[in-house]
Each structure stands twice: as C-alpha cells, then as structure tokens.
> 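Got a structure for you, written out below as structure tokens; questions coming shortly.
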Protein chains: 2
Amino acid sequence: MPRPRMFDEADVVDRARRTFAETGFAGTSLDDLLEATGLARQSLYNAFGGKKELFMRAFLSDTSSAVDAVSTVMRSAEDPIVRIRTKLVSTAVEHGSAAASPSLFLRAAVELSGSDPEVAATVATAFDDIRADYTACIVDAQHAGEIDAGADAEALGTYFCAVIEGMSTLGRAGVARATLLQMGLTSLTAVPITPLGHERLGTEDGAWT
Amino acid sequence: MPRPRMFDEADVVDRARRTFAETGFAGTSLDDLLEATGLARQSLYNAFGGKKELFMRAFLSDTSSAVDAVSTVMRSAEDPIVRIRTKLVSTAVEHGSAAASPSLFLRAAVELSGSDPEVAATVATAFDDIRADYTACIVDAQHAGEIDAGADAEALGTYFCAVIEGMSTLGRAGVARATLLQMGLTSLTAVPITPLGHERLGTEDGAWT
DNA sequence: ACGGTTCTGGAACAAGCAGTCTACAACTCG
DNA sequence: CGAGTTGTAGACTGCTTGTTCCAGAACCGT
C-alpha cells in the first residue's frame, strides 16, 4: 500500500559513504548529504533515522568491504606469495594520486576511533580480521615452500597490515602512485622468500604506472 | 605601555595542538579551544586572528617538530643502521596504546589534505623532507658498509616513511604497543643488511614493552 | 598619579546546524 | 474507483557555531 521509494537504499548509502570519506563526519552537513544523495530531508530521516545512523551504515558497509577485499585476495587460488604482491599493487593503484575515492574506513579510524567506542571497536576487529588473513596467507606460503618455514607468520601479517595502511595514508596525503608502488614492492623484500618463492613471483616487477 | 599578556603564546599553541589533534578541525569548537587554552574569546582573536589561523599555527608547529624529530635522529652520531631502528622503536612506543597525545600532523593530513591546498602542500613537503632524511641515513649506512651498496636507498627511504605512518595510523586505531614494535622490527628485515650491519645492530631485540 | 594602550570578559550578532512539523502527492489494495 | 498508507517537499524551530562589539580593568613610562 505504501508509495514506493524513489531511491535505492544501497545507492544512497554508497553516495553518503563517498561524501563522508571526503569531508569527514563533523565536516559533512546534512545539506551536503541531501545534495549528494538527492533525497529529501524527511526521506532521509524516515529511511535511516538521522545523520549519525546514516554515517554508521556507510562506515560499517565500507569496513566490511575493505575486510572482504583483503579476504578475497588472500583466499584466492593464486600462489600465496603472489596474492600478497597483488594486494600491494592494487593498494598502490587504488590509493595513488588524489582522484580515487578515499576510504571511509581509514578516515573514520583516524577521526573517530578516539571518541566513539563503537567505531573504535569496529576498527579494532577489522584490523584483527585483516591481520589474520595476511597471516593465513603467509602460513600457506610457508606450506608451499615459498617462504622460510622458520619465519614468524603473525609478525609478517601484522607488518603487511601496517605497510598497507601506511600506503593508504600517504596516498591520501598526495604521494604519487609510482612511489606507492615502489614502497609496496620494497616491503616484500622483508619476507624471507625461498628460491622457489622468487621463481613464482617472477623477475620483472615494473610496468605499472 | 600595554598591559602584559596573562598567557604564553607558545603554550597556547601547544594546548590548541593537542585539542585539534584529538577532535580534528571541524570537530573542535571555539568554546573547546577557550576551555583548553584558558583564554578569553577576544584574547584569542587579538593574538591569533581566528580559529583557522590558530589551527594553522598549531599544525605548522607540529609538522616542523615531526620533521625535526626525524631529522635529529637521522643525523645523530649513532651508527646509521641503529638510527633507523631507534626511530622505529620510538614511534612504536610513542604511538602505542591510545593514551599518548596523537599527532596533529597525521590527523590534518588525513582530514584536510583533500580540501585545503595549504595543508596539502605542507604535508607533501614534510613527507619529502622526511623521506630525504631516511634516504640520507641509508646512504650513510651503505658508506659505512652496514647495508649492501647495491640497494636502492631512495626506495628504502620511502618505504620507511610508509611503515612509520602505518604504525602511527594503527596506533591511533588502538593497536597495542608490543604489536607496533613487532611491526617496526619486522620492517627492518626488508633491508639488505651486511654481516657488519647485523653486528652493529646487536642480536637481541626484545625487552621493550 | 595619570594617560594611553592593551588585555579581558561577557553580551550581542548573523549564519549554519540537526532535526521536526505540516500539507500534499503517489501508489496499492480492496 | 476511492480509502488508506507512505513518500516527498519545503517551511520552521531551537540550538550551536565563528566572529564582533563594547565597557571596564590592568599595566607601563613619565
């Protein structure tokens, strides 16, 4: 019986995500959101409840896609060591050079982790999940004989988590894509890769710009 | 002839820095600043000009001390390779476990680099300076025979910049000090250290908590 | 002690904010 | 087709924001 909505809820959340990612929670006004989503004031309140609630929807959605993105790559059928290099390269490409839509996950972590307990908890478990995925991938690589079995897999997993967050941060701060890529590939040399691992990775690493 | 000020300008800037670092530019109201600094409304406007101007004072001051902090360590008399490890350890200690006062430099980079050109430019040159300091230190280490002469010093410098920013970001997001330390020390293994370098670094790396 | 200059504290201001209310339009089911 | 329910649009409401104004207090050199 109700009049059907003139907007797609998921689409609205995604537009809100982009807006919040660009100007932050405190820096985004309700009018900004209305303009970005095309919704009428009351429609936003009917559908979501308010600014904070819409933010949390967008934030949780972005967080889980960030976690999923890692998970997808780290559990793919590729050689374990290649999965990690793939993630490093794609992070450099996605976060390089201003243009690309910045991550709300990272922004919310920096802006609100200190003040909002729910955001802080979500960020913390997301990082744990991401770390676990990296770690699992490194264990796979050890079983495949690509990485020294004696290496501390968890230390390496945590390490990649930091490298990739650092790349995102620097990318947002304006560091060029090629520089990010160089950083990512350098980080791989921290891993005690066996001769087999090097063979699987291939020799030439250039050709991304 | 004028009535002397009842506040120390540098002290006010420092208190403002802490406040802005905790709640961000948009998230900090003038009343918050007045409470944090103890100034009267008009005094703040007389002495600094306004909210934005005070923010820039605090931001520029924090940025140059962040750059100086790197520079001081990287040009110290210590063995080059030890300087880098020192910086990694101190970053882990300072940014570990919520409590410690967060960096306004990092926060402003994430919050405002996308919208404020002056902040973006400052952040960009600060990162360049920091990268140059790391690179110079690695070159020193190569001359001292601690790092393979064939390594790409600039790539390694850029890399440490990313690792350390990543550590700061994760620290703010709630990652424990011990974990940050583990990340920092793992990042060192990306460097092609010569036998002499390993000797200079020492063998046991534990005992920080 | 006094005049000039600056600092101080609070009141006042306009603009912008998140959120609410009301009238109307659109659709579905009986 | 029409009654009922829900979405839409925009005016409206307190409240907070950054900033300015004004009157008085504090200090210094003479």
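Lettering follows sequence order; numbering is per chain, from 1.
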> Do the side chains of B:Arg83 and B:Asp79 get close enough for a salt bridge, i.e. N-O under 4.0 angstrom?
no
> Quick one: A:Glu9 CD to D:dT6 C1', roughly how many Å, whole number?
15 Å
> Would you call A:Asp14 and A:Arg57 a salt bridge, using N to O less than 4.0 angstrom?
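No, this pair does not count.
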> Nearest 0.5 Å, please: how far is CG in A:Asp152 from OG1 in B:Thr189?
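Reported value, rounded in 0.5 Å steps: 10.5 Å.
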> Can B:Thr23 and B:Thr28 be counted as having a side-chain donor-acceptor contact under 3.5 angstrom?
yes
> In plain terms, say whether B:Arg107 and B:Glu22 are close enough for a salt bridge, that is, a side-chain N and a carboxylate O under 4.0 Å apart.
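Looking at B:Glu22 together with B:Arg107, the answer is no, because their closest N to O distance does not fall below 4.0 Å.
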> Any side-chain N or O of B:Ser43 less than 4.0 Å from the OP1 or OP2 oxygen of C:dT8?
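Affirmative; the distance criterion is met.
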> Where along residues 107-115 of chain B does a heavy atom fall under 4.0 Å from DNA chain C?
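Per residue number, the list is empty: none.
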> Round to the nearest Å and state the distance from B:Leu39 atom CG to C:dG10 atom P.
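About 13 Å, once rounded to whole Å.
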> Once each nucleotide of nucleotides 17-23 of chain D is scored for protein heavy atoms under 4.0 Å, what B/S/- sequence comes out, 5' to 3'?
SSBBB--
> Do you know which two heavy atoms are closest between A:Gly197 and A:Ile81, and how far apart they sit?
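For A:Gly197 and A:Ile81, the tightest heavy-atom pair comes out as O-CG2, 4.2 Å.
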> Checking A:Lys51 against A:Phe25: charged group under 6.0 Å from the ring centre and within 45 degrees of the axis?
yes
> Using atom CD of B:Glu35 as one end and atom C1' of C:dG9 as the other, report the distance to the nearest whole Å.
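Answer to the nearest Å: 16 Å.
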> Check the angle between the aromatic planes of A:Phe105 and A:Phe59 and answer parallel, tilted or perpendicular using the 30° and 60° thresholds.
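Ring orientation of A:Phe105 relative to A:Phe59: parallel.
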> Could you check how far CZ of B:Phe7 sits from C1' of D:dA26, rounded to whole Å?
14 Å
> Whole-Å distance between C:dT20 P and A:Leu34 CG?
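Value for this atom pair: 14 Å.
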